[in-house]
Amino acid sequence: MIGPGALLVAFDRAVAELALFAAVVILLGGVDDVLMDLVWWRVRRREPNRADLPAAPPLPLAVFVPAWDEQHVIGAMLRATLTRYDHPDYRLYVGCYPNDPGTLAAVAEVASHDARVRRVVVTHDGPTTKADCLNQLWRALVSDDVDSGRVTAAIVLHDAEDVVDPAELRVFDDHLRDAALVQLPVVPLIDARRRLVSGHYADEFAESHRRDLAVRSALEAAVPLAGVGCAIRRDALERLEAGSGAPFEPHSLTEDYELCRSQDKTSYAKSGIKRTVLAKSLKAAPLPTRSLGITMPFVGT
C-alpha cells in the first residue's frame with residue numbers, strides 16, 4: 001500500500017516536471033519575442049505622412065461589407081465611410097439576408113441617397129459564414145462590371161462596425177500596383193464598458209500589426225489578413241475563383257487565413273510579384289480603426 005508520504009513525493013515530482021516544461025515554453029516564447037524585436041528594430045522605417053503618397057491615378061475599387069443583424073450600426077458605418085473616404089472611384093457592396101429586415105431597411109435607406117452604395121440580397125436566409133456572403137458580393141460585382149463596362153481593380157474588405165480612414169483607398173492605390181494583397185494596420189478602439197475584452201484586442205493588434213506583420217512583410221514571408229482593412233487585387237481573386245464564382249471558401253470561418261493560404265498556391269507564389277504588403281501608417285491619418293461595440297458615425301483617434 002502506498003503511503004501519504006510517497007503520494008506527496010510523486011505529486012511534487014509531477015509539479016516539478018510541469019514547471020520545467022512551462023519554463024521551457026516561456027523561454028522559447030521569450031527568445032522568439034526578442035528575435036522579432038531585433039528584426040523589427042532593423043527593418044522599421046520612418047513613418048510616412050499623407051503627403052508622401054504618390055499622385056498615382058486612382059484605381060476603381062469595390063468595398064465589400066457583409067452584414068447580418070447589423071441594423072443598429074450599418075447605417076452609421078456607411079454614412080461615415082461615404083463621408084470619410086478621400087477617393088474618386090469606389091463603390092460599397094453590402095451583403096444582406098432576406099430574413100434580416102432591419103439590416104435590409106437600414107442599407108436601403110442609405111443606398112437611396114447615394115448611388116455608390118449597392119445593396120446585395122443573399123439568395124438564401126442567414127446567418128451564413130462571412131465567406132459565403134463575400135462570394136455573393138463577388139458575383140454581384142462581376143455582373144455589375146459586365147453590365148456597366150467598368151473593370152474593378154481590387155476588392156477591399158470591411159465589417160459593419162469599422163471606422164475607415166480617409167486615406168485608406170489612396171494607400172491601396174499605391175501598393176496594389178505591385179502587390180496582390182495588402183493589409184493595413186488595424187487599431188481597435190477601447191470600450192470603457194468592456195475594458196477586459198477590448199483591452200485584450202488592443203494589446204494583441206498592437207503587437208501583431210505594429211511589429212509581427214511588419215517583420216513578416218519585410219522578410220517577404222506570408223502575411224495573414226485580418227479580414228478588415230485589407231485589399232485583394234481582382235486578378236488574384238479570379239485565379240482563386242477559377243470560374244467557380246466563389247473565390248472565398250464558403251464553409252470556412254477564417255476566410256482571411258484561407259485566402260492567404262490558397263493564394264500562395266497560385267502562380268503569384270512563383271512570380272516576381274510581392275504577394276502581401278503591410279502598408280505603413282500615416283501620421284496625419286491614423287489607419288483603419290475597427291470599433292469594438294461602439295456605435296457612432298465618427299471616431300477620432
Side-chain angles (χ1 to χ4, degrees), residues 43-64 81 84-93 116 134 137-138 141-142 144-145 148-158 162 164-186 209 213-242 247-248 256 259-288:
V43 302
R44 68 193 181 109
R45 300 175 182 176
R46 179 185 65 87
E47 295 284 351
N49 291 307
R50 182 182 297 184
D52 294 332
L53 288 175
L59 300 173
L61 302 173
V63 182
F64 283 4
T81 299
R84 291 168 64 82
Y85 268 156
D86 176 21
H87 195 273
D89 193 2
Y90 71 91
R91 292 183 297 183
L92 304 178
Y93 281 74
R116 290 173 295 180
L134 290 173
L137 295 176
W138 167 257
L141 170 67
V142 171
D144 288 351
D145 279 3
S148 65
R150 183 178 189 262
V151 180
T152 302
I155 310 303
V156 178
L157 302 184
H158 272 295
D162 292 354
V164 303
D165 183 86
E168 172 186 314
L169 299 186
R170 293 178 57 202
V171 173
F172 286 142
D173 280 344
D174 179 35
H175 286 281
L176 284 168
R177 299 179 193 282
D178 59 4
L181 290 82
V182 179
Q183 174 67 59
L184 300 180
V186 178
H209 280 214
L213 294 190
V215 170
R216 296 181 71 86
S217 180
L219 297 177
E220 299 193 11
V223 177
L225 298 181
V228 296
C230 55
I232 309 101
R233 229 164 52 189
R234 182 193 184 120
D235 54 350
L237 286 174
E238 288 175 338
R239 289 172 182 264
L240 295 176
E241 174 201 28
F248 302 92
D256 44 2
L259 179 65
C260 285
R261 189 179 68 84
S262 300
Q263 195 264 344
D264 275 341
K265 297 178 181 178
T266 69
S267 60
Y268 284 111
K270 302 175 183 177
S271 71
I273 297 176
K274 189 176 181 181
R275 297 191 301 277
T276 311
V277 170
L278 176 70
K280 298 292 285 182
S281 60
L282 304 176
K283 286 183 178 177
L287 280 159

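The analysis underlying the following values was restricted to heavy atoms, covering all of them including side chains, and did not include hydrogens, waters or symmetry mates.
The closest donor-acceptor contact from the side chain of D162 to the backbone of V164 lies at 3.5 Å or more, if one exists at all.
For R150, the side chain to side chain contact (heavy atoms under 4.5 Å, CB included) partners at least two apart in sequence or on another chain are P60, D89, R91, D145, S148, T152.
Closest approach of Y85 to L92, counting heavy atoms only: CE1-CD2, 4.4 Å. Among all heavy-atom pairs drawn from L184 and E168, the shortest one is CD1-CG, 3.5 Å. Across all non-hydrogen atoms, the minimal contact from D173 to L59 is OD1-N, 3.1 Å. Pairing each heavy atom of R170 with each of H87, the nearest pair is N-CD2, 4.2 Å. The minimum heavy-atom distance between A231 and L176, with the atom names listed, is CB-CD1, 4.0 Å. Across T81 and Y90, no two heavy atoms sit closer than the pair O-OH, 4.0 Å.
A distance of 5.5 Å separates CZ of F64 from CG of L137, quoted to the nearest 0.5 Å. Atom CZ of residue R233 and atom CD of residue E238 lie 11.0 Å apart, to the nearest 0.5 angstrom.
Between E241 and W138, the closest side-chain pair of non-hydrogen atoms falls below 4.5 Å. Looking at L169 and D86, their side chains never come closer than 4.5 Å, going by heavy atoms from C-beta outward. The shortest side-chain heavy-atom distance between F172 and V156 falls under the 4.5 Å cut-off. A 4.5 Å side-chain heavy-atom check between F248 and L237 finds at least one atom pair inside the cut-off.
Counted by atom type alone, H175 and Q183 present zero donor-acceptor pairs between their side chains at under 3.5 Å.
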Derivation and outcome, side chain to side chain donor-acceptor pair (under 3.5 Å), residues Y93 and D144 = CA-CA 11 Å; Y93 281 74; D144 288 351; 2.8 Å; yes

